[in-house]
Amino acid sequence: MRVMLRVAYDGTAYSGWQIQQNAVTVEQRLKEALEELFAAPIELTGASRTDAGVHARGNVAVFDVDTRMPAEKIAYALNTRLPEDIRVVRSSEAAPDFHPRYAECVKTYEYKIWNAEFPDPTVRLYSHFEYRHLDAERMNEAARFLVGEHDFTSFCSAGAQVQSKVRTVYSAEVWRDGPMITVRVTGNGFLYNMVRIIAGTLIKAGHDIILPDGVKKALDGRDRGLAGARGLTLVKIDYGENG
């Protein structure tokens, strides 16, 4: 049986999703819990390999297992074996050939920016701090230039192992709620550090360093920025009828 997990986690204590030597990761903790539960080796495949410090409310992973336990009950059994900063919010049976990275999907990320004179300790692990005033309306205007199909090569850090860097952004919007600014981007996929580079570029627009239409230049690699990891959350991955 192939099982799909919807996973939420606070990434503060982890060196990202993917298993690494000499580092604690989310995938490692999940794999350990699964192997304890089923008393067998488990190969886990994640949809999004989030970086160190990045959070998630809806990452997806799959694994194969021979068990009589109903797929929907696995979440309950796993959560008793996981640390409190990782939770499986849903488990379900997936098609035998379903692959979370290759299946068509829509991903949504949010980037939080605390824009005030001083930091707020209660949100410091979940937002990027900017003390200079940001014009959220200007950032939202700039974000519109990201919508559509583009070659996002200049919005990708070195090390991305993909053949094509063309992606489609379905929506990109920015809004302010008091001191908290939210950048939300939805697309068919994202490159390595792409959302953090988008956030950093929009911050430049909010500081009036670049014009809103300067995002076009950023797409050509002439002017961009990279924002910190802790403000980033993978909100959800939608596979439509496949999960």
Side-chain angles (χ1 to χ4, degrees), residues 1-12 14-20 23-35 42-65 71-72 74-75 78-79 82-83 85-111 152 155-157 159-172 183-199 229 231-243:
M1 176 172 64
R2 178 155 291 187
V3 179
M4 176 194 288
L5 305 177
R6 296 273 181 179
V7 189
Y9 48 87
D10 180 331
T12 304
Y14 301 99
S15 296
W17 167 272
Q18 192 171 12
I19 290 178
Q20 305 170 38
V24 180
T25 69
V26 177
E27 183 182 24
Q28 174 191 339
R29 288 290 183 248
L30 271 171
K31 181 178 170 66
E32 290 170 350
L34 284 164
E35 291 181 346
I42 297 290
E43 292 298 323
L44 193 63
T45 302
S48 183
R49 299 170 181 172
T50 54
D51 291 338
V54 175
H55 314 293
R57 293 202 297 271
N59 207 346
V60 171
V62 301
F63 66 95
D64 295 322
V65 68
E72 64 272 15
I74 291 174
L78 274 180
N79 285 333
L82 288 167
D85 52 4
I86 303 175
R87 281 294 176 268
V88 175
V89 296
R90 194 179 83 185
S91 57
S92 58
E93 187 169 356
D97 60 348
F98 175 78
H99 194 292
R101 287 204 295 275
Y102 302 142
E104 290 188 6
C105 66
V106 176
K107 294 183 179 181
T108 300
Y109 280 90
E110 284 186 354
Y111 193 89
F152 282 97
F155 277 69
C156 175
S157 293
Q161 299 176 351
V162 292
Q163 290 183 341
S164 173
K165 294 179 181 176
V166 174
R167 296 292 185 273
T168 300
V169 171
Y170 301 122
S171 65
V183 178
R184 174 178 282 191
V185 187
T186 298
N188 66 351
F190 294 91
L191 302 167
Y192 181 50
N193 279 340
M194 179 173 159
V195 180
R196 289 172 58 193
I197 292 171
I198 286 173
L232 184 60
T233 298
L234 171 57
V235 176
K236 63 180 178 179
I237 304 177
D238 184 5
Y239 292 100
E241 295 180 357
N242 292 320

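- The salt bridge (Lys or Arg N to Asp or Glu O under 4.0 Å) search around Arg2 returns Asp64, not counting sequence neighbours.
- Going from atom OG1 of Thr45 over to atom CE of Met4 covers 12.0 Å, rounded to the nearest 0.5 Å.
- Partners of Thr25 according to the side chain to side chain donor-acceptor pair (under 3.5 Å) rule, which considers only residues two or more places apart in sequence or in another chain, do not exist here.
- The two residues Ala229 and Val54 make their nearest non-hydrogen contact at O-CG2, 3.9 Å.
- Side-chain contact between Tyr239 and Val60 is present, with heavy atoms from C-beta onward closer than 4.5 Å.
- The side-chain contact (heavy atoms from CB on, under 4.5 Å) test applied to Lys31 returns Ile19, Glu35, Glu43, not counting sequence neighbours.
- When side chains are defined from C-beta on, Met194 does not count as touching Cys156, because their heavy atoms never get closer than 4.5 Å.
- The side chain to side chain donor-acceptor pair (under 3.5 Å) check on Asn188 picks up nothing, with sequence neighbours excluded.
- In this structure, Thr186 and Val106 have side chains that are in contact, with non-hydrogen atoms separated by less than 4.5 Å.
- Partners of Ala8 under the side-chain contact (heavy atoms from CB on, under 4.5 Å) rule, at least two apart in sequence or in another chain, are Val89.
- The nearest pair of heavy atoms linking Lys107 to Ser48 is NZ-CB, 4.2 Å.
- Contact record, Ala47 with Ile237: CB-CD1, 3.7 Å, taken as the closest heavy-atom pair.
- The nearest pair of heavy atoms linking Ser91 to Ala71 is OG-O, 2.5 Å.
- Side-chain contact between Val7 and Leu30 is present, with heavy atoms from C-beta onward closer than 4.5 Å.
- Legend: residues meeting salt bridge (Lys or Arg N to Asp or Glu O under 4.0 Å) with Arg167, ordered by chain and number and at least two apart, are absent.
- A search for side chain to side chain donor-acceptor pair (under 3.5 Å) contacts involving Tyr9 returns Thr50, Asn59, not counting sequence neighbours.
- Note: Leu34 CG to Leu44 CG = 6.0 Å, rounded to the nearest 0.5 Å.
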Give the table of side-chain donor-acceptor pairs shorter than 3.5 Å for residues 94-101, with sequence neighbours excluded, one pair per line with atom names and distance.
{"from": "His99", "atom 1": "ND1", "to": "Arg101", "atom 2": "N", "distance (Å)": "3.1"}
{"from": "Arg101", "atom 1": "NH1", "to": "Gly46", "atom 2": "O", "distance (Å)": "3.0"}

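- Checking side-chain atoms of Arg6 against main-chain N and O of Lys236 turns up no donor-acceptor pair under 3.5 Å.
- Considering only heavy atoms from C-beta on, Val185 stays 4.5 Å or farther from Tyr170 through its side chain.
- Residues satisfying the ring-ring contact (aromatic ring centres under 6.0 Å, His included) test with Tyr109, not counting sequence neighbours, are Phe190.
- Shown here for Arg90 and Ala75, the closest heavy-atom pair between the two residues is C-CB, 4.3 Å.
- Considering all non-hydrogen atoms of both residues, Ile42 and Val65 come closest at CD1-CG2, 4.2 Å.
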Exercise for review: Please step through side chain to side chain contact (heavy atoms under 4.5 Å, CB included) for the pair Asn193 and Asp51, ending with a clear verdict.
Suggested key: CA-CA 8 Å; Asn193 279 340; Asp51 291 338; 2.9 Å; yes

Exercise for review: Test Val195 against Leu232 for side chain to side chain contact (heavy atoms under 4.5 Å, CB included), laying out the working first.
Suggested key: CA-CA 8 Å; Val195 180; Leu232 184 60; 3.5 Å; yes

**Study point:** Evaluation steps, side chain to side chain contact (heavy atoms under 4.5 Å, CB included), between Tyr192 and Arg49
**Key:** CA-CA 9 Å; Tyr192 181 50; Arg49 299 170 181 172; over 6 Å; no

Check your understanding: Passes side chain to side chain contact (heavy atoms under 4.5 Å, CB included), Val3 versus Val62? Steps please.
Key -> CA-CA 5 Å; Val3 179; Val62 301; over 6 Å; no

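- For Glu72, the salt bridge (Lys or Arg N to Asp or Glu O under 4.0 Å) criterion is met by no residue, not counting sequence neighbours.
- Rounded to the nearest 0.5 Å, atoms CG (Leu191) and CD1 (Ile198) are 9.0 Å apart.
- Of the inter-residue distances, the one linking Ser15 atom OG with Glu27 atom CD reads 13.0 Å to the nearest 0.5 angstrom.
- Residues that satisfy the salt bridge (Lys or Arg N to Asp or Glu O under 4.0 Å) test with Asp10, not counting sequence neighbours, are absent from this structure.
- Contact of the Glu110 side chain with the Arg57 side chain is registered, since non-hydrogen atoms from C-beta on lie closer than 4.5 Å.
- Legend: residues meeting side chain to side chain donor-acceptor pair (under 3.5 Å) with Thr233, ordered by chain and number and at least two apart, are absent.
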